[in-house]
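These figures come from a predicted structure and were not determined experimentally.
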Amino acid sequence: MFPERVPSAARATFDLSLFVAQKMYRFSRAALWIGTTSFMILVLPVVIETEKLQMEQQQQLQQLQILLGPNRAVRRNARGILPPLSHGETSNF
């Protein structure tokens, strides 16, 4: 019904599309694996240590607040007894 060129062109187009889809799938799998493992090895330890340091600072501030009261603990922190508060926290003088 169709000239011989039409089915062969459709077949070639389908084969090329399938080949490109397979290559893209394999590439995206490899890229996702490399990205995920790189993040876990390079970035995640830094994030965990930063969070640990912030928690330690919070615990020290809470201990001072329990011992000295909230206003004196903040004043002593401003004088440098404790490391500075993170950007999200504010002090009331």
For residues 3-17, please give each side-chain donor-acceptor pair under 3.5 Å, one per line with the distance, not counting sequence neighbours.
{"unit_1": "Ser8", "atom_1": "OG", "unit_2": "Glu4", "atom_2": "O", "d": "3.2"}
{"unit_1": "Ser8", "atom_1": "OG", "unit_2": "Arg5", "atom_2": "O", "d": "3.0"}
{"unit_1": "Thr13", "atom_1": "OG1", "unit_2": "Ala9", "atom_2": "O", "d": "2.7"}
{"unit_1": "Ser17", "atom_1": "OG", "unit_2": "Thr13", "atom_2": "O", "d": "2.9"}

Pair up each side-chain donor or acceptor in residues 28-42 with any protein partner under 3.5 Å, not counting sequence neighbours, and list the distances.
{"unit_1": "Ser28", "atom_1": "OG", "unit_2": "Met24", "atom_2": "O", "d": "3.1"}
{"unit_1": "Ser28", "atom_1": "OG", "unit_2": "Tyr25", "atom_2": "O", "d": "2.9"}
{"unit_1": "Thr36", "atom_1": "OG1", "unit_2": "Leu32", "atom_2": "O", "d": "2.8"}
{"unit_1": "Thr37", "atom_1": "OG1", "unit_2": "Trp33", "atom_2": "O", "d": "2.9"}
{"unit_1": "Thr37", "atom_1": "OG1", "unit_2": "Ile34", "atom_2": "O", "d": "3.2"}
{"unit_1": "Ser38", "atom_1": "OG", "unit_2": "Ile34", "atom_2": "O", "d": "2.8"}

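Remark: Gln63 engages no residue in a side chain to side chain contact (heavy atoms under 4.5 Å, CB included) (not counting sequence neighbours). Lys23 is linked by a side chain to side chain contact (heavy atoms under 4.5 Å, CB included) to Phe19, counting only residues two or more places apart in sequence or in another chain.
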Q | Check against side-chain contact (heavy atoms from CB on, under 4.5 Å), Met55 and Lys52 | A | CA-CA 5 Å; Met55 287 178 62; Lys52 182 180 170 185; 5.8 Å; no
